[in-house]
Amino acid sequence: MKSTAGSFKENAQDALKNQRLQKSLKVLGRGFVEKRAKARAALPEFDELCQQGQAIKTHTLKHLDLYLEVYEKQLVASGGHLHLAHTAADACEQILQICRDKNARLITKGKSMVAEEIGLNDHLEEAGLRVLETDLGEYIIQLRNEPPSHIVAPAVHVGADQVEADFRRVHKELPAGRDLSDPAALVFEARNMLRSEFINADIGITGANFLIAQTGSSVIVTNEGNGDLTQSLAPVHIVITSIDKLVPTLNDTSTLVRVLARSATGQSITTYTTFSTGPRRSQDLDGPQEYHVVLLDNGRTEQLAGEFSEALRCIRCGACMNHCPVYQSIGGHAYGWVYPGPIGAVLTPSFLGLDEAADLPNASSLCGRCEQVCPMGIKLPDLMRKWREKHHQGGGLPVLVRSSLTAWVIVAKRPRLYQFMTGIVMPLLAKLAGCKRNFRWLPLATGWTNSRDLPAPSGKTFMSLLKKHQREGRL
Amino acid sequence: MNGFVKNIRRALGVTASDPERLEVVRKHLDDHARNLIPERALRSHPELVDNFIKMLESVEATVAHLSELADVASEVARYMIVNDLAHQLKCGADKLIGEIDWSEQSDLVIMSGPATGEDVLSLTHAFAGVSETGTLFVASGPENPVTLSFLPETNIVLIRVRDIVGSYEDAWLKLPWGTRGPQMPRTVNFISGPSRTADIEQTLITGAHGPCHLHVIVVG
Amino acid sequence: MAENINSLHVPQVGLPRVALYVTCLVDLFRPVVGFAAMKLLQEAGCEVSVPLTQTCCGQPAYNSGDRQAAQELAIEVIKNFESFDYVVAPSGSCAGMLKTHYPELLKDTDQYERAISFADKVFELTSFLVDKCGLQSVDRGFAGRITYHDACAGLRELNVKQQPRALLNSLRGLELSELSDGEACCGFGGMFCVKYPEISDAMVSKKCANIEAANTQMLLGGDMGCLMNMAGKLSRDGSSIEVRHVAEILAGMSDEPPIAGMKGPKQGKQK
């Protein structure tokens, strides 16, 4: 996927001015946040399950080499094929190769963030294949030629009226006078349009929420059933996924399933959780004849060795972005790449580099709500701060920020100088502000004063007053 | 796999032959240890059944609780009439479904095999039901084609009351079991309600791509 | 002479020795909060000192990625404050920096152990009064309806939530009305608000809409940064809601005009 993370500031400003987006974001802020809170409250063991889930992920990552070997053994024993992809390009090429081997023309696709990460659709389409997203949200954004703006709800930024307009534009064979005024009609139309495509597809591609070493299975967690139709009706099922999805056992998966949907949408479990193991068995009457798993690294092994390794615990529930006041203000597209929100701010710099993505970890008030709701206990603010340290070390801070910070530190390290200077400056500022007691404009502080008043100091500093009181014997 | 795993070992700073790590992994896989099971999954069987039904109903499924397998055919017929469905049904060659006596439903057309785009109603058998979230476990196989759970507009699922358990962990035990774990069929589907989406303005709509209606018949 | 000693305090034998970490924003912008904190601590039976060599806790440097500068400032703070029984700050953000981030900041240095034992002594003002001093009520009155903003660091790093409410609710005549979406960030975030002013403005706008919707005369909070941000926005919007630090009201020191405001208390009356 092509990045626009480099123009984050402009993206954000556009997003803030986009009234339609702001309306959608308001709904998101209320919906997901309240639903998760209710789901958490309804399960007394929720927090403990999260902690166990974290321990499972940490344990797996620590023994990832061994679990991968077990997973491969089990996958092959069940008749599946494993393809290892070091890079995004490798994965795209391997999938294209399978499609070519099968003379495939139509590919149906379930929702997969890893597929977005590797830019799979573009790659297959450039090779002349027809790729059809089947998750409703993904279908909508594919029609609009947009990237997802949320990892769970990809079309959360699109209004129903926009979907209606897109359906009328694309579904030309349907009667022009049909009523699409309510979301149910839109869902029904998409359902009907995609039915035959599922059946006619040559290859179905899904992602995976989990890979299970114990059984060699891949797991998808969905609500619509599109993933199941994708992977059951096409003769070939390809799973595109990454090494961090590995979990040791079915029992471990159960623990993670208990926290995933509750964190994501506030459901106690999604409508469908599907465990796929190998191709159809010899006596089976349906199901894919071939089962391929394309396992992507794309820098994750490197991440495993470094200070951002805990981000590999992420189960892509989206709770961090749902609760993020920055995401709630600007939406997902402003982040400019596949993974938005706090987890995106941590992941994107490792994929794209700080030159492109430095704004992402910087554009956070570090309010900590993401860490509070992360079921995998990823210390997202700390990780964002780590990127800031690298950014600072690399000399990436804007000159004005860097120099004012340096000046502040120089003064702060010298208490006498600090007290001397602030003892003069603060009363002066107080005088300057006059009886209004705030500034409507102040040079070097226009970022603040453009939209809010800057409260002026009371007058003398606490330290000067304290010393004065002491001299006067008032203490 | 070699290059991949070698890179990982380098990143982790470990060797392939470290006996301690091998032992930790072997033990974790062989012990089938359970993590925390929510208290609600550990209650008495009648409570588990009640909660199973309650949870399913809370996710827009309908549930009928029958005491005898003999009553299933009339329940299916009743459901068809109430919902104005054509009197035909697609099911697999499932043993339990095979025991249903359809003789009194002479106008009912029962077909066997995987679902096609034309089938409007399917009948499947869940090998387990999980009380904690009202989840049906359906395993694919020659007797239970997977497409029956997804293509038809309405899916009726049969489950025996004795197959309702508390937790996911308990449900896996209902599959044939090998040394490392259950013998996995091609697919195991956890199903909790009819298909749904909230992709348009977060409005919940049932009947996305999978079944629009899910009717669960609990027997026993 | 004051300049020749390290800290100012009123010695009283046998009481817990508390150092007030006044925080730079209180020092520079609103000294009354510092005096209010001293008063509350003394009333709670503490012997209060104010080390005079204090400046900034280093949080701006830390959050901007200047780890080295932050480490240097952290070591200074520890050096100046570690001899006391407790270190109390009228700010969850600064207290959080001292308590939770100093150990992380110094974990790879020879100062780590020192940072850990220092961290044990650090508290935010209201949580110190309630959790450590056992204060359950303040014997004062305040006639008025107020709402309270939970600043993020205090709330999530230090679990400051019930403590200020417990003390406020003990004031005779005070009526507390909660903010909707009360745990959301106000958009201050230190340097964040000047680095990404438009996003910060969107956040503070939402917060201020909720503040207005709470239908109170006064907004209180425990962190000057957030309070200045919200007060500045409310002032720009022409709101009549007064903004003050919680310590001012608890200590009965609301003679000073509110933050970013011209007049003294309009509605709420200290009794």
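Labels below follow one simple rule: chain letters A, B, ... track the order of the sequence lines, proteins then strands, and each chain is numbered from 1.
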I'd like to know whether [atom1] of [X] has more than 12 heavy-atom contacts from other residues, nucleotides or ligands below 6.0 angstrom.
| X | atom1 | value |
| --- | --- | --- |
| D14(A) | CG | yes |
| K23(A) | NZ | no |
| K460(A) | NZ | no |

Are the side chains of [X] and [Y] in touch, meaning some heavy atoms are under 4.5 Å apart?
| X | Y | result |
| --- | --- | --- |
| S365(A) | F188(C) | no |
| V32(C) | S458(A) | no |
| R416(A) | T53(C) | no |
| R440(A) | R236(C) | yes |
| L20(C) | F462(A) | yes |
| M463(A) | V22(C) | yes |
| H101(C) | D382(A) | yes |
| R437(A) | P257(C) | yes |

For the atom pair [atom1] ([X]) and [atom2] ([Y]), what is the distance rounded to the nearest 0.5 Å?
| X | Y | atom1 | atom2 | answer |
| --- | --- | --- | --- | --- |
| C152(C) | L366(A) | SG | CG | 10.0 Å |
| R369(A) | L155(C) | CZ | CG | 9.0 Å |
| D453(A) | L234(C) | CG | CG | 10.0 Å |

Please lay out, stage by stage, how C24(C) and W408(A) fare under the test side chain to side chain contact (heavy atoms under 4.5 Å, CB included).
CA-CA 11 Å; C24(C) 55; W408(A) 173 248; 4.0 Å; yes
Residue among [options] with most heavy-atom pairs under 4.5 Å to chain C:
| options | result |
| --- | --- |
| V401(A), T446(A), L465(A) | L465(A) |
| S329(A), P325(A), A363(A) | A363(A) |
| V326(A), N450(A), N362(A), V409(A) | N362(A) |
| T406(A), L400(A), V33(A), T449(A) | T449(A) |
| P455(A), P415(A), G447(A), P381(A) | P455(A) |

Report the option among [options] that has the most heavy-atom pairs separated by less than 4.5 Å from atoms of chain A.
| options | answer |
| --- | --- |
| C208(C), P60(C), A151(C), G34(C) | G34(C) |
| M191(C), Q68(C), E183(C) | E183(C) |
| G189(C), A260(C), G187(C) | A260(C) |

Part of [X] within contact of chain A (heavy atom distance under 4.5 Å):
| X | result |
| --- | --- |
| D181(C) | side chain |
| E157(C) | neither |
| R30(C) | both |
| A153(C) | neither |

For residues [X] and [Y], report the shortest heavy-atom separation together with the two atoms involved.
| X | Y | answer |
| --- | --- | --- |
| Q419(A) | Q54(C) | NE2-O, 4.5 Å |
| M228(C) | W448(A) | O-CZ2, 3.5 Å |
| T461(A) | P31(C) | C-CG, 3.8 Å |
| F35(C) | H469(A) | CE2-ND1, 3.5 Å |
| A456(A) | F29(C) | C-CD2, 4.0 Å |
| A412(A) | T55(C) | O-OG1, 2.6 Å |

Chain C heavy atoms under 4.5 Å from [X]: which part of the residue, side chain, backbone, both or neither?
| X | answer |
| --- | --- |
| K390(A) | neither |
| S364(A) | backbone |
| K413(A) | both |

When you look at C367(A) and R156(C), which way does the side chain to side chain contact (heavy atoms under 4.5 Å, CB included) test go after all the steps?
CA-CA 8 Å; C367(A) 80; R156(C) 284 182 270 269; 3.9 Å; yes
Close approach to chain A in residues 192-206 of chain C, criterion heavy atom under 4.5 Å:
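Near chain A, by residue number: F192(C), C193(C), V194(C), K195(C), Y196(C), P197(C), E198(C), I199(C), S200(C), D201(C), A202(C), M203(C), V204(C), K206(C).
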For residues 70-80 of chain C, give me every residue with a non-hydrogen atom less than 4.5 Å from any non-hydrogen atom of chain A.
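Listed by number, the contacting residues are E72(C), L73(C).
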Under 3.5 Å, is there a donor-acceptor pair linking the side chains of R388(A) and N63(C)?
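Judged by distance alone, the side chains do not pair up.
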Worked check of side chain to side chain contact (heavy atoms under 4.5 Å, CB included) between R67(C) and H392(A)
CA-CA 9 Å; R67(C) 196 174 174 88; H392(A) 182 267; over 6 Å; no
With the threshold set at 4.0 Å, does a side-chain nitrogen-carboxylate oxygen contact exist between D66(C) and R385(A)?
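No.
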